[in-house]
Amino acid sequence: METFEHYLDKYAELAIRVGLNVQKDQTVVIMTPIACAEFVRKLTKKAYDAGAKDVVIDWDDDEVKALRMKHAPESTLREYPMWRANGMEEMARDGAAFLQIYAPNSDLLKDVDQERVAISSKTTATAREGYLKYLRSNQVNWLMVSYPTAEWSAKVFPELNEQDRIIKLWEQIFKLTRVDKADPLAAWNEHIALLTAKQDMLNTKKFKQLHFKGEGTDLYIELAAKHLWVAAGSESKAGTFFIPNIPTEEVFTMPARSGTNGIVRSTLPLSYQGSLIDGFSLRFENGRVVEATAEVGQEVLNKMLDMDEGARYLGEVALVPDDSPISNSGLIYYNTLFDENASCHIALGNSYPFTIEGGTQMNPEQLAENGYNKSLIHVDFMIGSADMSIDGLYADGTREPLFRKGNWA
């Protein structure tokens, strides 16, 4: 029987060799909470083994972050150390690879004045916009993975003690990332092939719109005229194939900025900036959110939508069958990296240039002409369910079933 350390080693190997696909003489940047230090050391060793010339660690700490939000002068929240932002952009420009360990604490800032959180979030996003352009356009290879912290595991398994719930969450992560397979690389190659087949099928359809119909949802999303469906892997400017999210179960593309109409209701909670938003509905007119209500986190939702003008428009639409490993686990993960791969989802905010033909070569004006939405945020939220139906609509108005009862038709 394999040990925990064996699986953890395979998980780190998967992240470095398959997800990030570190190249010889490449700098690797790891952004992480300090609670993940043990895993960071393992990733660092794997990165050097893969040929990295340097590994740079960008540490963060939830408790320090919360203290700053609560006690720092508001003027400080409007400032960001530009040496950090410029350093990240410089490393991206030089072709570094970026790995983020995502372990959100959805209760971290629930008692903090949301105006202060919004100020800090906008300041940070504005300062880091140059660096984020490299990731959003896939100019560099990048990856997001998760690591069980005490706070995150407590949300998923509140009935267990701390040690047991962390072990239980690790078991789920190993399973859902296929690390528990005898040959994870072969399992991932097979999985990528299946997702790529769906991507290729959708790209032959050239749908004009998608119509989502489910409990609380009746939504029409017009797709960008030159939209491209994308799945699993991408290729960086240097030609490196990488998988930006582990796990991943989605096939996604770009909506036309002004083409979404109707109402949509979330089907899973959203952990956003240290707070929880749940039971929320959005009404769209000509692409823009004109009404938003939430059972939990109304103020947080309002601040998110007011981040900038683009925050009220969609930047992504993604298809995920209800019969997916993450959905079948029967758990809510309070972690978008996992929950978005349990459910069809859409994202408010910035579009990805690589989801339209020639998008990574377009200037901002050309992108806008082709339906691109620009924003400081990109926030995925889950709308799929076991009763979801999705139709693809062609330019002549004829329909083709894509999903029935939550799964591919």
Side-chain angles (χ1 to χ4, degrees), residues 33 60 62-63 65-70 74 77 102-125 144 146 149-158 212 214-217 219 260 262-284 288-316 318 326 331-350 375-385:
D60 197 5
D62 280 349
E63 295 303 318
K65 184 187 297 182
L67 288 168
R68 181 172 185 267
M69 290 291 184
K70 291 175 182 177
E74 185 176 303
L77 302 179
Y102 181 63
N105 178 356
S106 59
D107 294 328
L108 178 67
L109 302 176
K110 66 177 182 180
D111 298 324
V112 178
D113 181 352
Q114 288 304 309
E115 178 65 24
R116 291 172 60 85
V117 176
I119 289 169
S120 180
S121 298
K122 187 168 186 177
T123 300
T124 300
M144 185 178 289
S146 283
T149 60
E151 294 79 12
W152 177 28
S153 63
K155 292 293 292 186
V156 184
F157 298 108
F212 291 77
E215 186 175 349
T217 293
L219 189 71
T260 300
I263 191 165
V264 63
R265 181 172 175 82
S266 67
T267 52
L268 288 170
L270 170 63
S271 179
Y272 176 72
Q273 300 288 2
S275 296
L276 203 65
I277 310 173
D278 198 9
F280 60 98
S281 293
L282 307 176
R283 185 165 64 85
F284 289 84
R288 190 173 190 272
V289 175
V290 295
E291 183 180 349
T293 60
E295 295 170 10
V296 176
Q298 181 71 56
E299 185 182 1
V300 182
L301 177 60
N302 292 345
K303 295 296 184 186
M304 182 179 76
L305 292 169
D306 290 338
M307 178 69 77
D308 56 22
E309 177 59 21
R312 289 181 176 266
Y313 293 81
L314 293 183
E316 177 190 335
I326 297 172
L331 296 169
I332 298 174
Y333 290 90
Y334 301 93
N335 176 324
T336 302
L337 179 60
F338 281 78
D339 288 331
E340 73 170 3
N341 285 296
S343 166
C344 289
H345 55 274
I346 52 182
L348 290 163
N350 210 77
S375 176
L376 293 172
I377 69 167
H378 180 95
V379 180
D380 297 279
F381 64 96
M382 289 56 75
I383 65 171
S385 65

Between [X] and [Y], is any pair of side-chain heavy atoms under 4.5 Å apart?
X	Y	answer
E151	L108	no
L331	Y333	yes
E340	I326	no
Y272	I377	yes
N105	W152	no
K303	V117	no
E215	S385	no

Please identify each residue that fulfils side chain to side chain contact (heavy atoms under 4.5 Å, CB included) with [X], with sequence neighbours left out.
X	answer
A347	E316, H378, D380
T260	L219, I221, F284, L314
I332	L268, P269, Y334, D339
E309	R257, R288, Y313

Please identify each residue that fulfils side chain to side chain donor-acceptor pair (under 3.5 Å) with [X], with sequence neighbours left out.
X	value
D113	none
N350	Y372
K122	none
D62	none

Please name all residues satisfying salt bridge (Lys or Arg N to Asp or Glu O under 4.0 Å) with [X], sequence neighbours left out, ordered by chain then number.
X	result
E63	none
E295	R265
D308	none
R283	E285, E291

- Message: How long is the straight-line distance from CZ of F212 back to CD1 of I263, given to the nearest 0.5 Å?
- Response: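 Here the interatomic distance stands at 15.5 Å.
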- Message: Just verifying a value: how many Å separate L270 CG and L348 CG, rounded to the nearest 0.5 Å?
- Response: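 Taking CG in L270 and CG in L348, the distance rounds to 9.0 Å.
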- Show the numbers, then the answer: is there a salt bridge (charged side-chain N to carboxylate O under 4.0 Å, His left out) between D107 and K155? CA-CA 9 Å; D107 294 328; K155 292 293 292 186; 3.6 Å; yes
